[in-house]
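Comments concern the structure below.
Residue numbering restarts at 1 for every chain, and letters A, B, ... go by the order of the sequence lines.
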Amino acid sequence: MSEEKSLNFIEEIVEEHLKSGKYTSITTRFPPEPNGYLHIGHAKSICLNFGLAKKYGGKTNLRFDDTNPTTEETEYVESIKEDVRWLGFEWAQELYASNYFEQLYGFAMKLIEKGLAYVDDSSSEEIAQQKGTPTTPGVRNAFAERTPEDNAKIFREMREGKYEDGSKVVRAKIDMSSPNMLLRDPIIYRIKHAHHHRTGDDWCIYPMYDFAHGQSDSIENITHSICTLEFVPHRDLYDWCIENLEIFPSHQYEFARLNMTYTVMSKRKLLQLVNEKHVNGWDDPRMSTISGMRRRGYPAEAIREFCDRIGIAKRENLIDVGLLEFCVREQLNKIALRRMVVFDPLKVVITNYTGEEELLTSENNPEDPNGGHREVPFSKELYIEREDFMEVAPKKYFRLSPGQMVRLKSAYIIKCEEVVKDAEGNITEVRCTYIPESKSGSDTSGINVKGTLHWVSISHAATAEVRLYDRLFKVEDVANAEGDFKEHINDDSLHVVGHAYAEPALLNDKVDDRYQFIRKGYFILDKESTSDKLVFNRTVTLKDGWAKEVKKG
RNA sequence: UGCCUGAUAGUAUAAUGGUAGUACGACUGUUUUUGGUGCAGUUUGUCUUGGUUCGAAUCCAGGUCGGGCAACCA
């Protein structure tokens, strides 16, 4: 019995095309504009495009949509390539819309010769005004009457640099009264005396998106050109260009873009967060960027799994970020090395412990029988988490309190005998006794305790900085919340624990290792970590049933 | 006022005229040397009004509500 997973609507279209013989293989493309870093919304598109080709034996190109020299930079090209690769995908070809500038120029000339395009000297205000409104038709001006010969001559001169920015544009001659505003003689070329990150100063005219994208698809024989819903009205123009240019008929299909709770997903807003220093760069672990998530410790596999689970449809959506976190935990639970780190220390003295110290063994990962073990030093003086002790314990509190017993993970059962306070009444130390025959792995004490605590031996502990991240915004639906999105920034999205106490095994682990600090969450070493100073990022917390219980009262 | 587009549990997504299912969440219980994990279970849904049909989430008609469209951005 093979449970066939149901297909999304694009997979259905592809299967139909393959079955009917319309195509014998498919080609898709991922077409970012190199004007910013990729975010989780792009990951959805990447997984879709590359996933489709992988599933149906086709190929996917990485194509940079670099038709606007004033916003695009090589830095972004490099980061995009790194992110796509990190997500686990391999492109067939690395291409650029700017590779096709000469061809695109020829396409425009062809339209001019066919009488389907003309040079317009109007200002952008005039053009906008003549365009009409959605309910009233636009009007065509006198420039539309220029002959193909005149148009060709002026277009050539535009290319040669004879005219200033904004003085002339080339427009496709379609229909000034179309109900689709994009068909009201859209601009296809504009003059920009600007340096392009790849073509340098070779060009001073650049094609518009609508005159570059479909043709680029066509040149590359893209069979399924997949984009997001806001491009639906562009499809008429996409098809018009291909039809009138008589080139390979690529087709555009649209799906709903990803929205996620407690975050923003537009390059404009992400750029603002970076520029105005609300975060520390594009790869700040709180960002919805791929690079931010990577630095935070989200595994690529978890992001792929997430994209798979949210599905592909045409309905507007707002996905709970909790689903992403679920995917991250699911993956990390299987691979993360368990370690003990105390964030907020409370000293525990084992009064009846007579040895100097001993090495105990603890499993690296209880989920992984082949995960191995590490040694953990134990001694008379330990740190436990301050929140794991209460002098007056509420009901169902399974941690340490006077007269109560708990197990120290992978070590012994201890019993709280005495609480030591300073002059102000603050608890400075807890004195306990341990049960020698309760040693982990060879427990003959017969005692059962409800609570198990993480701990570190004070004299063996390494110190580390730990960065705890929370959601960047306070409201679920940031894009649709009242007022400017920055008003909803969560000022408490970063907590730095300057001096956490870590078991020494953390000193020897590899940089790429993923950790679960037992009972605290999943962590990864940050790039700012040095041999003198360990810095960890909290990837995600563990689910906390006790916190939920406390909240309920 | 025009055109395009969509509507299934709290959130997503499936059912392609024939038993409304799955995941996340929430809630129970159970296991556990992590209040984690695992396991078992409970919970909640077809926007609305008509029509076609033996039978409608699905087809048809009207309505309601949401999103998009008038950048020399992509």
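- Taking the salt bridge (charged side-chain N to carboxylate O under 4.0 Å, His left out) definition, one finds that A/R339 meets it with A/D509, sequence neighbours left out.
- No side-chain donor-acceptor contact under 3.5 Å links A/N180 and A/S178.
- Between A/N180 atom CG and B/C3 atom P there is a gap of 12 Å when expressed in whole angstrom units.
- If A/I127 and A/I310 are placed on RNA chain B by their nearest nucleotide, the residue sitting closer to the 5' end is A/I310.
- Under 4.0 Å is where a charged nitrogen must lie from a carboxylate oxygen, and between A/R171 and A/D120 at least one such pair does.
- When the P atom is used for both B/U53 and B/C69, the distance is 43 Å, rounded to whole Å.
- Taking the P atom of each, B/A40 and B/U31 are spaced 15 Å apart, rounded to whole Å.
- Note on A/T70: every side-chain N or O is 4.0 Å or more away from OP1 and OP2 of B/C73.
- Put simply, A/K192 has a side-chain N or O that comes within less than 4.0 Å of OP1 or OP2 on B/C73.
- Taking CG of A/L237 as the start and CZ of A/F211 as the end, the distance is 9.5 Å to the nearest 0.5 Å.
- In this structure, A/L182 reaches neither bases nor backbone, as no heavy-atom distance under 4.0 Å exists between it and the strands shown.
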Stepwise ring-ring contact (aromatic ring centres under 6.0 Å, His included) check, A/F517 with A/F536
CA-CA 11 Å; A/F517 293 173; A/F536 291 97; 5.2 Å; yes
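- For B/U46 and B/U5, the P atoms lie 26 Å apart once the distance is rounded to whole Å.
- Under the 4.0 Å criterion applied to side-chain N and carboxylate O atoms, A/R519 and A/D544 are not assigned as salt-bridge partners.
- Following rounding to the nearest Å, A/L258 (CG) and B/U11 (C1') show an atom-to-atom distance of 13 Å.
- Distance CG (A/D236) to C1' (B/G68): 14 Å, rounded to an integer number of Å.
- In this structure, CD of A/E230 is placed 22 Å from P of B/C3, rounded to the nearest angstrom.
- Looking at heavy-atom distances under 4.0 Å, A/S122 makes contact with a base.
- For the pair A/D185 and A/K131, the salt-bridge criterion is not met [side-chain N within less than 4.0 Å of a carboxylate O].
- In this structure, A/R257 pairs ionically with A/E230, as a charged nitrogen and a carboxylate oxygen lie closer than 4.0 Å.
- A/V169 comes within contact range of at least one nucleobase, with a heavy-atom separation under 4.0 Å.
- A/L324 has its CG atom 16 Å from the C1' atom of B/U13, to the nearest Å.
- Atom C1' of B/A23 sits at a distance of 15 Å from the matching atom of B/U44, rounded to the whole Å.
- Going from atom CD of A/E254 over to atom C1' of B/A74 covers 15 Å, rounded to whole Å.
- Nearest nucleotide to the A/P233 side chain, out of B/A74, B/C73, B/C69: B/C69.
- Checking B/C3, B/U1, B/A70 against every side-chain atom of A/P134, the shortest atom distance belongs to B/A70.
- Remark: A/K439 fails to qualify as a cation-pi partner of A/Y412 under the 6.0 Å distance and 45° angle criteria applied to the six-membered ring.
- As judged by a 4.0 angstrom heavy-atom cut-off over every strand, A/T261 is placed among residues making no nucleic acid contact.
- Taking atom P on both nucleotides, B/U11 is separated from B/G67 by 15 Å, rounded to a whole Å.
- Distance check on atom P: B/C60 versus B/A56 gives 16 Å, rounded to whole Å.
- Taking atom C1' on both B/G63 and B/G6, the two are 16 Å apart, rounded to the nearest angstrom.
- Applying the 4.0 Å criterion to OP1 and OP2 of B/A74, one finds that A/R190 has a side-chain N or O inside that range.
- In this structure, CZ of A/R257 is placed 15 Å from C1' of B/U5, rounded to the nearest angstrom.
- A donor-acceptor contact closer than 3.5 angstrom is absent between the side chains of A/Q215 and A/Y100.
- A cation-pi arrangement is found for A/R159 relative to A/Y105, the charged atom lying closer than 6.0 Å to the ring centre and inside a 45° cone about the ring normal.
- For A/I319, the side-chain atoms get nearest to B/A12 when compared with the rest of B/A70, B/A12, B/A74.
- Taking a pair as Watson-Crick or G-U wobble with both distances under 3.5 Å, RNA chain B forms stems of 3 or more consecutive pairs at B:2-7 with B:64-69, B:10-13 with B:21-24, B:26-30 with B:38-42, B:47-51 with B:59-63.
- We find that A/K168 and A/D121 are joined by a salt bridge, their nearest charged nitrogen and carboxylate oxygen being less than 4.0 Å apart.
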Would you mind building the protein contact string for nucleotides 20-39 of chain B? One character per nucleotide, 5' to 3', B for base within reach (heavy atoms under 4.0 Å), S for sugar-phosphate only, - for untouched.
---SSSSSS----BBBBS--
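- Comparing the same atom, P, in B/U58 and in B/U49 gives a spacing of 13 Å after rounding to whole Å.
- Comparing B/C72, B/G2, B/A12 by their closest approach to the side chain of A/N317 singles out B/A12.
- Protein atom CE of A/M158 is 14 Å distant from nucleotide atom P of B/C72, rounded to whole Å.
- Residue-level contact check: A/F231 touches the bases, meaning some heavy atom is under 4.0 Å from a base atom.
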